[in-house]
Amino acid sequence: MLSAMLLWGLVVGVLALGALGRDVLGWSWGATVALVLGAMLLGRALTMAVTWLVAWRHPSAAPPLRAGQRLAMVLREYGAFVRGFVLVQPWVWLGMPADRLRASVQPMLLVHGYGCNRGIWWWLRPRLEAAGHVVATISLEPPWGGIDGFAEQLHARIEAVCAATGAPRVTLVAHSMGGLVSRAYLARHGDARVARLISIASPHGGSQLARLGLGTCARQMTPGSPWLTRLAAQRVTVPFVSVRTPQDNFVMPQDLQRHPDARDEPLPGVGHLAALCDARVLRLVLAHASLQKQ
């Protein structure tokens with residue numbers, strides 16, 4: 001569903017801008033193509049600018065970055081946003097092969113975040129597989145539904161992965177809202193099927209940016225929401241790691257990524273989406289997944 005929405009959004013935007021350039025302004029094809037590309041890139045730059053402005057208004061204490069480091073972080077995040085929401089997720093049915101499930105003692109299941117689909121794992125999944133892991137994914141739908149409904153979809157996917165691989169349990173690797181979906185699953189269904197939870201930039205205490213989001217899940221991720229309050233009362237009883245991005249531009253204040261049951265792994269100098277294309281995240285996931293196997 002999300003891929004179709006993103007794809008249609010791209011198509012409508014290209015057609016509208018193309019008509020503006022050719023039919024209204026009378027521009028050449030070259031100028032019209034430049035208009036389409038420039039407008040699309042500018043629109044996404046403005047979206048990123050909003051996230052950073054909100055983040056800088058609601059900061060957590062974090063080691064300061066040099067000006068060059070901050071600029072590099074912002075540019076990497078912008079690149080990750082464009083790749084994820086223009087080049088990959090709208091075309092997930094073309095560019096993201098089906099899960100290659102086979103017999104495994106403990107497969108990984110990757111759980112995406114708000115407004116995303118399984119395509120967001122385009123960088124991390126093949127590298128986890130290259131390291132020898134069996135990796136499964138899921139697309140949670142509809143994109144702006146409730147997190148409890150997503151937890152039930154995760155329950156069905158965990159059972160299917162265990163059946164396909166013969167594994168008694170999975171390792172959950174969750175990005176952003178996926179960490180809340182995973183915790184909601186554990187609260188509802190227990191830990192019999194989960195060996196470990198590794199969350200990446202997850203708003204365990206919510207995020208102020210959720211106030212600008214759409215849908216039930218955005219309301220649930222607002223700090224202090226009744227849903228978050230109920231979830232906070234549930235302890236996480238499996239080994240739990242929170243890979244925290246202290247300069248995050250979607251979860252703010254950034255310390256809301258902390259959880260009392262989680263081992264805190266701060267990852268400075270990286271944005272919310274760029275964390276999924278960061279070699280340090282790959283090393284942390286592999287390290288903590290291997291600890292579970294020992």
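Hydrogens, waters and symmetry mates play no part in the numbers below; they use all other heavy atoms, side chains included.
Here Arg125 pairs with Asp99 in a salt bridge; the nearest charged N to carboxylate O distance falls below 4.0 Å. Salt-bridge check for Arg244 with Asp255: passed, with a basic side-chain N closer than 4.0 Å to an acidic carboxylate O.
Between Val194 and Tyr185 the shortest side-chain heavy-atom distance falls below 4.5 Å. Residues Leu286 and Leu128 are in side-chain contact: their nearest non-hydrogen atoms beyond the backbone lie under 4.5 Å apart. In this structure, the side chains of Ile200 and Leu284 stay at 4.5 Å or more apart for every pair of heavy atoms. Leu172 is listed as a side-chain neighbour of Leu154, based on a closest heavy-atom distance under 4.5 Å. In this structure, Phe250 and Ser207 have side chains that are not in contact, with every pair of non-hydrogen atoms separated by 4.5 Å or more.
In plain terms, the two heavy atoms of Cys162 and Val170 that are nearest each other are SG-CG1, 3.9 Å. Shown here for Ser202 and Ser176, the closest heavy-atom pair between the two residues is OG-O, 2.7 Å. Summarising the geometry of Phe150 relative to Gly145, their closest heavy-atom pair is CZ-N, 3.7 Å, with the distance given to 0.1 Å. Nearest heavy atoms, Asn117 versus Ser139: CB-OG, 3.5 Å. Nearest heavy-atom pair across Asp261 and Val236 is OD2-N, 2.9 Å. Annotation for Val270 and Met73: closest pair N-SD, 3.6 Å, computed over non-hydrogen atoms.
Within the model, atoms CG of Leu276 and CG of Leu282 stand 11.5 Å from one another, a figure rounded to the nearest 0.5 Å. Rounded to the nearest 0.5 angstrom, Arg283 CZ and Leu267 CG are separated by 9.0 Å. With rounding to the nearest 0.5 angstrom, the NE2 atom of His133 is 9.0 Å from the CD atom of Gln106. Residue Arg66 holds its CZ atom at 12.5 Å from CG of Leu71, rounded to the nearest 0.5 Å. Distance CG/Leu140 to CD1/Ile147: 10.0 Å, rounded to 0.5 Å. With values rounded to the nearest 0.5 angstrom, Leu273 atom CG is found 5.5 Å from His175 atom NE2.
The side chain to side chain donor-acceptor pair (under 3.5 Å) with Asn249 is formed by just one residue from the set His272, Gln254, Glu77; it is Glu77. Only one option out of Arg188, Arg183, Arg230 pairs with Asp148 in a salt bridge (Lys or Arg N to Asp or Glu O under 4.0 Å); it is Arg188.
In terms of modelled atom types and a separation under 3.5 Å, the side chain of Arg196 and the main chain of Pro239 share no donor-acceptor contact. A donor-acceptor pair under 3.5 Å is formed between the side chain of Arg157 and the backbone N or O of Thr137. Judged by distance alone, with hydrogens and angles left aside, the side-chain atoms of Arg118 form no donor-acceptor pair with the main-chain N or O of Ala136 at under 3.5 Å. Between the side chain of His112 and the backbone N or O of Trp121, no donor-acceptor pair lies under 3.5 Å. A donor-acceptor pair under 3.5 Å is absent between the side-chain atoms of Gln247 and the main chain of Pro268, judged by distance alone. At distances below 3.5 Å, not a single donor-acceptor pair connects side-chain atoms of Gln220 with backbone N or O atoms of Gly146. Tyr78 places no side-chain N or O within donor-acceptor distance of the main-chain N or O of Ala49, the cut-off being under 3.5 Å. With hydrogens and angles disregarded, no donor-acceptor distance shorter than 3.5 Å links the side chain of Ser104 to the backbone of Thr165. At distances below 3.5 Å, not a single donor-acceptor pair connects side-chain atoms of Arg193 with backbone N or O atoms of Leu186. Looking only at distances, no side-chain donor or acceptor of Ser225 sits under 3.5 Å from a matching main-chain atom of Met221.
Both Phe85 and Leu212 belong to a common hydrophobic cluster when Ile, Leu, Val, Met, Phe, Trp and Tyr are linked at side-chain heavy-atom distances under 4.5 angstrom. A continuous path of Ile, Leu, Val, Met, Phe, Trp and Tyr side chains, each step under 4.5 Å between heavy atoms, connects Trp227 with Leu214, placing both in one hydrophobic cluster. Under the 4.5 Å side-chain contact rule for hydrophobic residues, Leu87 and Val92 share a cluster. No chain of hydrophobic side-chain contacts below 4.5 Å, direct or via other Ile, Leu, Val, Met, Phe, Trp or Tyr residues, connects Val251 to Val50. Each of Leu180 and Leu256 belongs to its own hydrophobic cluster when Ile, Leu, Val, Met, Phe, Trp and Tyr are linked at side-chain heavy-atom distances under 4.5 angstrom.
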Given side-chain contact (heavy atoms from CB on, under 4.5 Å), test Trp123 with Arg83 step by step and report yes or no. CA-CA 10 Å; Trp123 188 90; Arg83 286 194 300 271; over 6 Å; no
Check against side-chain contact (heavy atoms from CB on, under 4.5 Å), Arg169 and Val238: CA-CA 11 Å; Arg169 299 185 296 175; Val238 299; over 6 Å; no
Could you go through Met96 and Val88, starting from their C-alpha distance and side-chain angles, then the distance that decides it, and tell me whether this counts as side-chain contact (heavy atoms from CB on, under 4.5 Å)? CA-CA 8 Å; Met96 190 76 166; Val88 179; 5.8 Å; no
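Under the 3.5 Å distance criterion, with hydrogens and angles disregarded, no donor-acceptor pair is assigned to the side chains of Gln257 and Ser242.
Residue-environment remark: CZ (Arg211) exceeds the threshold of 12 foreign heavy atoms within 6.0 Å.
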